[in-house]
Number of protein chains: 2
Amino acid sequence: MQIASWNVNSIRTRIQIVIDWLQSHPSVDLLCLQETKVIDPDFPHTPFTDLGYHTYIYGQKAYNGVALISRQPLSEVSCGFSPLVADVGDFDEQKRVISGVIDDIRIVNLYVPNGSAVGSDKYSYKLGWLEILRQYLEVLIKAQPNPKIVICGDFNVAVEDIDIHNAKKRETQVMATDLEREALQAVLQLGFKDVFRKFTPEAGHYSWWDYRSGGWKRNQGWRIDYHFATDVLYDKAIDCSIDTAPRALVQPSDHAPVILEF
Amino acid sequence: MQIASWNVNSIRTRIQIVIDWLQSHPSVDLLCLQETKVIDPDFPHTPFTDLGYHTYIYGQKAYNGVALISRQPLSEVSCGFSPLVADVGDFDEQKRVISGVIDDIRIVNLYVPNGSAVGSDKYSYKLGWLEILRQYLEVLIKAQPNPKIVICGDFNVAVEDIDIHNAKKRETQVMATDLEREALQAVLQLGFKDVFRKFTPEAGHYSWWDYRSGGWKRNQGWRIDYHFATDVLYDKAIDCSIDTAPRALVQPSDHAPVILEF
DNA sequence: GATTCTGAAG
DNA sequence: CTTCAGAATC
């Protein structure tokens, strides 16, 4: 089984690139999309359903938005943190969480807030959001012994310095500050491991290159898209890799897809 | 010699369509463009110069903008009404006039104001602009006996009822009111004739179809793009025709090119 | 209906 | 650098 994650930066702008990629990767069973940037009535279902995929979407106007594109029907699909988290505040107003079950495995597809700039309101929102995510996953992970859960998506945090092309002055850089890493670690300490690092320990592998300042040309990237898995699934994983090819196309997303295989 | 006129509705958006058209019409010596919608530093010269054309441009941000694309170098290129018209007021703020000489013929390439709605400020501006144009051409035409002048471009006026798909209620319609026609006739009475009508007297030939309400599909168009020539050139003309093919392409301009041949 | 700008966002 | 919304223009 293959589970892919891809921040497409607008599904309507990227639909042909995504469809072409799915057709050239027929072994992908589930594609988790982030930043679909479209309200549900306008989501382009037919390109996917024409290929035999089932679509599960959770979108809003202009920003955010997540989707699950699955060869098999999913069960227990849920959107947002509520009702698993009792007091979500306004953290479900932005559409960033969709989850479903395939082959007894729960997949949680996430688009973590970017955080804008260190110390900004959006930065505080990101830290608060990650704490709500921790509460949400705590409920899920404690619901059963030996849980089979994968959380994947765009986490907008580089978990280690080797996940950044240049870690100098990282503490001033959003996506790399200690506070963000600690908030994410509090999530992962529930029992999630970075599957990519099971196979690739060395530095220099990225999933996102800023459109600005020629980040892709100069391979100045960040690894901020992940699959984190519970022990039983981490142990079963046979590959986890980043497909950088779509980043080189014309009018690409700034993110590359990441594929996990059991 | 062939002189073409084409309102391209943004040269940057339409560059490939225009280049393809030039390559498939190698006998066009001079292409007069309107609505280039680009400031001079951003004009795409190289697609034209790579094909061996010389470019003369007069643009502004977002709106209006005219250009001359010529196989041979032009002489005496001038932009705007000034200094030929002494008191231009603010009529040179919008970039709508470029002129040059080729083979002893002066070409004046125009983008006449649209006028928005009858009775609006823009409608008054259009009438005032046409009077300034008359003064400008009066200077040019009186500078020599038997002048060789062609004025062409998007005039945003249908000179006769047969130039409109449906002339009912035309007096309420901008581009067809008596006041606009009279203002344009005052220009033409200096000594310019509509070359298209030398070859095609019948109704139903248009150069512009509104993007709205399926104007092109239903052939509900207007003839508002013209070549008006002085007597000696009118007599020498051997063809004047509208090439409707580019209007049928994907992402077309709402105008079709018009070609005059001597 | 199609294009452009501005401003916000990443 | 790229996207989206909303306004203005034609």
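Order of the sequence lines sets the chain letters (A, B, ...), proteins ahead of strands, with each chain counted from 1. Model, not experiment: these values are computed from the prediction.
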- Item | Worked verdict on B/Tyr111 versus B/Asn156 for side-chain contact (heavy atoms from CB on, under 4.5 Å) | CA-CA 8 Å; B/Tyr111 175 50; B/Asn156 271 317; 3.7 Å; yes

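- In this structure, of D/dT3, C/dT4, D/dC10, it is D/dT3 that holds the atom nearest to the side chain of A/Asn9.
- Rounded to whole angstrom, the span from the CD atom of A/Gln94 across to the C1' atom of C/dA8 amounts to 14 Å.
- Between B/Asp254 and B/Arg247, the closest side-chain pair of non-hydrogen atoms falls below 4.5 Å.
- Computed from coordinates, the A/Glu35 CD to C/dG10 P distance equals 8 Å when rounded to whole Å.
- Within the model, atoms CG of A/Leu33 and CD1 of A/Ile69 stand 5.0 Å from one another, a figure rounded to the nearest 0.5 Å.
- Near-neighbour residues of DNA chain D inside residues 157-181 of chain B, defined by a heavy atom below 4.0 Å, are absent.
- A/Pro252 approaches A/Tyr211 most closely through the heavy-atom pair O-OH, 2.8 Å.
- With salt bridges taken as basic N to acidic carboxylate O contacts below 4.0 Å, none links A/Arg170 and A/Asp163.
- At a non-hydrogen distance threshold of 4.0 Å, A/Tyr211, A/Arg212 from residues 206-215 of chain A come into contact with DNA chain C.
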- Task: Applying side-chain contact (heavy atoms from CB on, under 4.5 Å), run through B/Leu133 and B/Leu130 and close with a yes or a no.
- Result: CA-CA 5 Å; B/Leu133 174 63; B/Leu130 285 167; 4.2 Å; yes

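- Using a 4.0 Å cut-off, no side-chain N or O of B/Lys61 falls inside it from OP1 or OP2 of C/dC5.
- Put simply, the side chain of B/Ser253 gets close to the backbone of B/Asn7: a donor and an acceptor are under 3.5 Å apart.
- Between the CZ atom of B/Arg218 and the P atom of C/dG1 there is a distance of 12 Å, rounded to whole Å.
- A sub-4.0 Å separation between OP1 or OP2 of C/dA2 and a side-chain N or O of B/Thr13 is absent.
- Contact annotation: the side chain of B/Val118 never approaches that of B/Thr172 to less than 4.5 Å [non-hydrogen atoms, C-beta and beyond].
- Between B/Arg14 and C/dT3, a side-chain N or O to OP1/OP2 separation shorter than 4.0 Å is present.
- Contact between the side-chain N/O atoms of B/Ser10 and the OP1/OP2 oxygens of C/dT4 is found at a separation under 4.0 Å.
- At least one side-chain heavy atom of A/Val97 sits less than 4.5 Å from a side-chain heavy atom of A/Trp129.
- Atom CG of B/Asp225 is separated from atom C1' of D/dC10 by 13 Å (rounded to the nearest Å).
- With rounding to whole Å, B/Asn7 atom CG is found 19 Å from C/dG1 atom P.
- Atom CG of B/Leu249 is separated from atom C1' of C/dA2 by 15 Å (rounded to the nearest Å).
- Atom C1' of nucleotide C/dC5 and atom NZ of B/Lys37 are separated by 11 Å, given to the nearest angstrom.
- Between C/dA8, D/dT3, C/dT3, one nucleotide has an atom nearer to the side chain of B/Gln251 than all others, and that is C/dT3.
- A close approach under 4.0 Å does not occur between any side-chain nitrogen or oxygen of B/Arg12 and OP1 or OP2 of C/dT3.
- Within the 4.0 Å cut-off from OP1 or OP2 of C/dA9, not a single side-chain nitrogen or oxygen of A/Ser116 is found.
- Going from atom CG of B/Asn64 over to atom P of D/dC10 covers 7 Å, rounded to whole Å.
- Not a single donor-acceptor pair under 3.5 Å links the side chain of B/Asp225 to the backbone N or O of B/Trp6.
- B/Arg96 has its side chain out of reach of B/Phe81: every pair of non-hydrogen atoms, C-beta onward, lies at least 4.5 Å apart.
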- Task: Please assess B/Leu31 against B/Trp21 for the test side-chain contact (heavy atoms from CB on, under 4.5 Å), listing each intermediate value before the final yes or no.
- Result: CA-CA 11 Å; B/Leu31 174 59; B/Trp21 187 83; 4.1 Å; yes

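- Of the residues in residues 108-115 of chain A, none lies under 4.0 Å from DNA chain D by heavy-atom distance.
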